[in-house]
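In what follows, chains are A, B, ... by sequence order, proteins preceding strands, each numbered from 1.
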Protein chains: 2
Amino acid sequence: MSAFPDLPEATIARLPEYLRALHNLGEGGADTISSEGLAAAAGVNSAKLRKDLSHLGSYGTRGVGYDVTLLIEQIEYVLGLDQRRAVCLVGLGNLGHALAGYDGFASRGFKIVALFDADEAKVGEQIQGLVVRHIEELGRVAVEENIAIGVIATPARAAQAVADVLVDAGVTSILNFAPCVLSVPANVDVRKVDLAIELQILSFHEHRKASLTALPGGRSAAAAGNQEAVGS
Amino acid sequence: MSAFPDLPEATIARLPEYLRALHNLGEGGADTISSEGLAAAAGVNSAKLRKDLSHLGSYGTRGVGYDVTLLIEQIEYVLGLDQRRAVCLVGLGNLGHALAGYDGFASRGFKIVALFDADEAKVGEQIQGLVVRHIEELGRVAVEENIAIGVIATPARAAQAVADVLVDAGVTSILNFAPCVLSVPANVDVRKVDLAIELQILSFHEHRKASLTALPGGRSAAAAGNQEAVGS
DNA sequence: CGCGATTTGTGCACGCCTTCACAAGCGCCT
DNA sequence: AGGCGCTTGTGAAGGCGTGCACAAATCGCG
Ligand SMILES: NC(=O)c1ccc[n+]([C@@H]2O[C@H](COP(=O)([O-])OP(=O)(O)OC[C@H]3O[C@@H](n4cnc5c(N)ncnc54)[C@H](O)[C@@H]3O)[C@@H](O)[C@H]2O)c1
Ligand SMILES: NC(=O)c1ccc[n+]([C@@H]2O[C@H](COP(=O)([O-])OP(=O)(O)OC[C@H]3O[C@@H](n4cnc5c(N)ncnc54)[C@H](O)[C@@H]3O)[C@@H](O)[C@H]2O)c1
C-alpha cells in the first residue's frame with residue numbers, strides 16, 4: 001500500500017481532538033474551516049495545528065481553509081478508523097459496567113465484541129446484549145472475533161495476569177484502567193488511564209496555588225474567558 | 001511558608017506513579033530503595049527518576065538509596081496530599097455511579113463530599129452514603145464544604161455549563177470526562193480523561209503495525225518481557 | 001584507618017516539540 | 001487581467017525533556 005507516514009507521537013495524540021472538532025463543525029453545516037477556527041475548536045495553537053496537518057500530507061487551500069469532509073476522511077484513514085476494530089473488555093465490576101454501556105465507543109468505529117470476568121457469579125450475566133464469558137474463553141474468542149484491542153478493568157493485582165492472557169491471545173493493544181505498571185512485549189502498545197494520578201496532579205496545582213496567593217480574600221469568582229487545558 | 005519548588009510538568013505527572021510504587025514497596029517490608037529499583041517498579045528510566053527526585057530537593061543516601069517512608073512523606077507533601085481535599089462529582093449517570101463507588105479516591109487523600117445532577121429523577125437517590133443533590137445547590141454546598149476539585153461526568157453538551165457553575169462556586173480544579181474542550185479562567189486547572197482518544201491512538205498504532213508487517217503469518221504470541229508503556 | 005563497592009546527584013549533549021514569522025499560493029473583486 | 005486580502009505551509013529559533021556518563025559521597029569491611 002502507500003508508505004505509512006510516521007507522525008510525531010504528540011501529533012497523533014491531537015488528531016482525535018481535531019476529528020471531534022471537525023465532526024461538530026460538520027454538523028453545524030460548515031463546509032470549510034480555517035486553521036484558526038479549527039484550532040480554537042480543538043483548544044490548540046493554530047500554527048501547531050497546521051504543522052500537524054501538514055505532517056499527514058493533507059492539503060488545505062490557501063486563502064480558504066480546509067475542506068471539512070475531506071479532512072475528516074484523511075484523519076480517519078490515518079488513525080485507522082475506516083476499519084471497525086474489535087474490542088474486548090475484561091473485568092465487569094463497577095467500572096466495567098459503565099464502560100460496557102458507553103456509546104462513545106461505537107460512534108468512533110470501535111465495537112465491544114466480548115466481555116470477560118473471572119467471577120463465576122458474573123459469568124453469564126447479560127450486559128448491553130452481550131453475555132459475560134469466563135476469562136478462560138478469552139484465547140479462543142479473541143481469535144474467532146479477531147480482537148485487536150483489550151480493555152482491562154480489573155483490580156490492579158489481577159491486571160498483569162489478564163495482560164498476559166491478552167497478549168497470548170494475540171491482542172496487540174491494551175487500554176489499562178488498573179493502577180499498575182504492565183509488562184508486555186515490545187510489539188504491544190499499552191495506554192493507561194489513572195484517575196488517581198489525574199487527581200493528584202490537580203492536587204499539586206491546588207497546593208501550589210494556595211502557597212502562592214497570600215490570603216486572596218477567600219474564594220472569588222474570576223471573569224471567565226481564558227482557556228487553560230493542561231496537556232495530556 | 002517555605003518557598004514552593006516549581007517542578008517541571010513532566011516530573012509532576014510522574015510523582016504519583018513513584019508514590020504508588022513506594023507504597024507497594026513499603027507494604028512489602030522494604031526500608032530503603034535504590035533509584036534503580038524504584039525506577040523499575042514505576043516503569044521509568046532510573047536517571048529520570050533521580051533527576052525528578054532531585055528537583056524536589058529530596059535527599060537520598062549515596063551508596064544506600066532512598067528511605068521509603070521519608071520519600072513517601074516528601075512526595076505527599078509536594079503533591080499536597082497531606083491535606084484531605086474535598087471533591088464533588090457532577091452527573092450521576094453510567095460513569096458517575098462507577099466513580100462514586102470507587103475506593104481509589106479515599107485511599108489517596110481525596111474525599112467525595114457531594115454529588116450533583118440536573119435530572120429530578122436522580123436527585124434524592126442515595127449512593128454510597130451520599131444523597132444526590134440538585135445542581136442548583138452546588139454554589140452553596142461548594143462553599144460550605146470548601147470544595148476545591150470538581151469532577152464532570154455529564155454529557156458533553158452540558159459540560160461547559162457545569163464548568164461555569166463550578167468556577168462560579170470557587171472550584172479551581174476540574175477533572176473532565178466529557179469529550180469536549182472547556183473554557184475556564186486562567187487560574188482554574190482542567191484535566192481531561194477521554195476514552196475515545198485513547199482508543200483512537202491505539203487504533204493508529206494498530207493501523208501502523210498492520211501496514212508495516214508484510215503478512216506476518218497471522219497472530220503470533222511473542223515472548224514476554226519487555227515493557228512498553230506509551231507515555232501519558 | 002583506608003579502600004573498594006555501591007549509589008546518588010548532575011553536567012552535558014541530543015532530539016522532540018512548540019511557536020513565531022513570513023513567503024507562497026489561492027480566490028475574489030474591480 | 002491585475003491587484004488585494006486572506007490563509008496555508010514551513011524555515012528557524014528557542015525551550016523542554018531525556019538519557020548518558022561520571023564525579024562525589026556514603027557505607028561496610030578488613
Ligand atoms: N470504579 C471506578 O470509577 C474506577 C476508576 C478508576 C480506576 N478504576 C480501576 O479500575 C479497576 C476496576 O475497578 P472497579 O471499581 O470496577 O472494581 P470491581 O472490584 O468492582 O471490579 C473488578 C472486576 O474484575 C473482576 N476480576 C477480578 N480478577 C479478575 C481476573 N483475573 N480476570 C478477570 N476478571 C477479574 C472481578 O470479578 C470484578 O468483576 C480497578 O483497578 C480500579 O482501581 C476504577
Ligand atoms: N460511561 C462511560 O464509560 C464513559 C466513558 C468515558 C467517557 N464518558 C463520558 O462521560 C460522560 C457521562 O457518561 P455517562 O455514560 O455516564 O452518561 P449518562 O447519560 O449515563 O449520564 C449523564 C448524567 O449527567 C446528568 N446531567 C445532564 N445534564 C446535566 C447538567 N446540566 N447538570 C448536571 N447533571 C447533568 C444526567 O442527568 C445523567 O445523570 C459523557 O460525556 C461521556 O461521553 C463516559
Side-chain angles (χ1 to χ4, degrees), chain A residues 5-15 17-18 21-22 25 30-71 74-75 78 201 204 227-232, chain B residues 5-18 21-22 25 30-71 74-75 78 201 204 226-232:
Chain A
D6 64 334
L7 312 172
E9 196 63 30
T11 295
I12 299 164
R14 283 187 294 267
L15 288 181
E17 206 83 50
Y18 302 157
L22 283 167
L25 289 166
D31 213 29
T32 62
I33 180 72
S34 72
S35 66
E36 202 78 39
L38 182 53
V44 301
N45 184 299
S46 70
K48 200 189 310 195
L49 178 130
R50 286 198 299 276
K51 188 152 287 188
D52 283 342
L53 294 186
S54 76
H55 279 136
L56 48 87
S58 172
Y59 294 148
T61 310
R62 297 176 190 225
V64 178
Y66 298 91
D67 181 284
V68 173
T69 310
L70 180 67
L71 195 49
Q74 290 243 5
I75 295 179
V78 170
I201 293 173
F204 168 85
Q227 161 72 23
E228 163 152 348
V230 181
S232 89
Chain B
D6 64 334
L7 312 172
E9 196 64 30
T11 295
I12 300 164
R14 282 188 294 265
L15 289 181
E17 206 83 49
Y18 303 156
L22 283 167
L25 290 165
D31 214 28
T32 61
I33 180 72
S34 71
S35 64
E36 202 78 38
L38 183 53
V44 301
N45 183 297
S46 69
K48 200 189 311 196
L49 178 133
R50 287 197 298 277
K51 189 154 289 186
D52 283 342
L53 295 186
S54 76
H55 279 136
L56 46 89
S58 172
Y59 295 149
T61 312
R62 296 175 191 227
V64 178
Y66 298 91
D67 182 282
V68 173
T69 311
L70 180 67
L71 195 49
Q74 290 244 6
I75 294 178
V78 170
I201 294 172
F204 168 84
N226 197 334
Q227 160 72 25
E228 162 155 347
V230 180
S232 88

Whole-Å distance separating the CD atom of Glu36(B) from the C1' atom of dG19(D):
13 Å
Identify which one of Thr32(A), Ile33(A), Asp31(A) satisfies the side-chain contact (heavy atoms from CB on, under 4.5 Å) criterion when paired with Leu25(A).
Ile33(A)
Let me confirm one number: the OH-CG distance from Tyr66(A) to Leu38(A), rounded to the nearest 0.5 Å.
8.5 Å
Summarise protein proximity over nucleotides 10-17 of chain D in one line of letters, 5' to 3': B for base, S for sugar-phosphate only, - for none, counting protein heavy atoms closer than 4.0 Å.
BBB----S
If you walk 5' to 3' along DNA chain C, what is the first nucleotide with an atom under 4.0 Å of a heavy atom in chain B, and what is the last?
dT6(C) to dC12(C)
Between Val68(A) and Ala30(A), the two heavy atoms sitting closest are CG2-O, 3.9 Å
Asp52(A) or Ser35(B), whichever maps to the more 5' nucleotide of DNA chain C:
Ser35(B)
Contact check, side chains of Val44(A) and Asp52(A), non-hydrogen atoms, under 4.5 Å:
no
Rounded to the nearest 0.5 angstrom, the CD-OH distance for Gln74(A) and Tyr59(A) is 9.5 Å
CZ on Arg14(A) to CD on Glu9(A), rounded to 0.5 Å
11.0 Å
At under 4.0 Å, does any side-chain N or O of Tyr59(B) touch on OP1 or OP2 of dT26(D)?
no
So, do Leu71(A) and Tyr18(A) sit near enough that their side-chain heavy atoms are less than 4.5 Å apart?
no
Would you indicate what Ser58(A) reaches in the nucleic acid, counting non-hydrogen atoms under 4.0 angstrom: base, sugar-phosphate, or nothing?
sugar-phosphate
Do the side-chain N or O atoms of Ser34(A) get closer than 4.0 angstrom to the phosphate oxygens (OP1, OP2) of dT7(D)?
no
So, taking the atom named CG in Leu56(B) and the one named CG in Asp6(B), what distance separates them when rounded to the nearest 0.5 Å?
12.0 Å
Between dT8(D) (C1') and Asp67(A) (CG): distance, integer Å:
15 Å
